[in-house]
Amino acid sequence: MRIGIIGGGQLGLMMAEAAHHLNHFVVGLDPNKDCSLSYEADEMLVAEYNDNKIVQLLSEKVDVITYEFENVDLDLIEHYLHCIPQKSNALALSRNRFIEKSFAQNLGIPIVQFELLKDVEQITYPSIIKTTTGGYDGKGQVKILIDEDIEKFHFQPNTEYIIERFFDFDYEISVISTRSLTGEVVHFPIPKNTHKNGILYTCEITDEISQSIQKQAQKYSQQIIDSTDYVGTMAVEYFVKEGVVYFNEFAPRPHNSGHYTIEGCNVSQFENHIRAITNMKLIEPILLQPTCMINVLGHQRFLVDRMTFDICFYHDYYKNSSLVNRKIGHITCISSDEKILKNTVDYIIGDSNE
Ligand code: ADP
Ligand code: MG
């Protein structure tokens, strides 16, 4: 088939790799002609995402379109729903944190206390103020931990915020799930995620997470993916505290915390995404070996030189390496020996965690 991908970042790149693995033809759309996807796509349309004429052209060139990020033009996606199996329901919710969190709350999923922030008087601490739209990798977030933080916070024009209680969670997880056109859902093994400065840092997949936590999280993800009638790979991030799973946010696309599936599982999150949108049968994911993924940011390229090649794999996103705090690649380590895995990860991370 011919697949169109809107968005040329690393997710688009890895979607295209999976599409080629299944012998599909890929046409990408991104304003940057040197974007990550351009290194893998068979053809690129270089234009803004909201260029109606170009999306029309894309829809004429391909059988099916997918998007790899959330800040696509919602109206445009809705106009081309006939060739976008992913649809727009989940996208419309996840683009706005207040709407997204209200949706999860209405499904009965535990959630950290949050409300729309209208006035400075509402601010108490410890809390986190987050913009309702456009935020990612911790951007648009302000921690309020002391009185002075309140004074430092200023409402920006035309910006809506939520204020959320600062949550002293035990750890974070995410559930990566894929839903087919016929409504079949498969879940990937659940990674434990660590963040640094709001950016995902490592994902570790071992058998540490209890069955009860896994079951709760998968049940909530199933509710979210079914009630949005989503097709493709979706990720839901959760906080875990004292055996209870709390919703954080979801992404209607493959997710950074699912990159480990490329080497760690019998099928990757990207392959199942492509299978779903092209109406192929999904593959039930199985963890092959304990796995850990480490993100590499622009100022940390030296991490790659610490890889031990027999159990580590590097994925480069073909980005300008000087980008501070921007993801330029990731390393996946796999080993049946958890001690070797841990030692390898500790060695790669080394003092970069300081
Ligand atoms: P983003 O869209 O930037 O990923 P998140 O809401 O997921 O936004 O926040 C990024 C990270 O910040 C989370 O993964 C978590 O580590 C931390 N964080 C977010 N909200 C809270 C909270 N209420 N309490 C404590 N930590 C939080
Ligand atoms: Mg997040």
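Only a predicted model underlies this, so the values are computations on that prediction, with no experimental measurement involved. Read the numbers this way: they start at 1 and go in the same order the structure lists the ligands and their atoms.
- The ring-ring contact (aromatic ring centres under 6.0 Å, His included) check on Tyr347 picks up nothing, with sequence neighbours excluded.
- Taking a cutoff of 4.0 Å between a charged side-chain nitrogen and a carboxylate oxygen, Glu43 and Lys61 qualify as a salt bridge.
- In this structure, OE2 of Glu237 and OE2 of Glu249 enclose an angle of 90° at the Mg ion (ligand 2), rounded to 10°.
- Annotation: ligand 1 has protein neighbours Arg97, Ile128, Lys130, Gly135, Tyr136, Asp137, Gly138, Gln141, Glu164, Arg165, Phe166, Phe167, Phe169, Glu172, His195, Gly198, Glu237, Phe239, Asn248, Glu249, each with a heavy atom less than 4.0 angstrom from the ligand.
- In the hydrophobic clustering (ILVMFWY side chains linked at under 4.5 Å, chained through shared members), Val72 is joined by Ile6, Phe25, Val27, Leu29, Leu45, Tyr49, Ile54, Val55, Leu57, Leu58, Val62, Ile65, Tyr67, Phe69, Leu74, Leu76, Ile77, Tyr80, Leu81, Ile84, Leu91.
- Salt-bridge formation is not detected for the pair Glu172/Lys192: no Lys NZ or Arg NE/NH1/NH2 atom is positioned less than 4.0 Å from an Asp or Glu carboxylate oxygen.
- Judged as a salt bridge (charged side-chain N to carboxylate O under 4.0 Å, His left out), the pairs with a partner in residues 319-344 (not counting sequence neighbours) are, in order, Asp137-Lys327, Lys342-Asp346.
- In summary, Lys143 and Asp149 do not engage in a salt bridge, as defined by a charged side-chain N under 4.0 Å from a carboxylate O.
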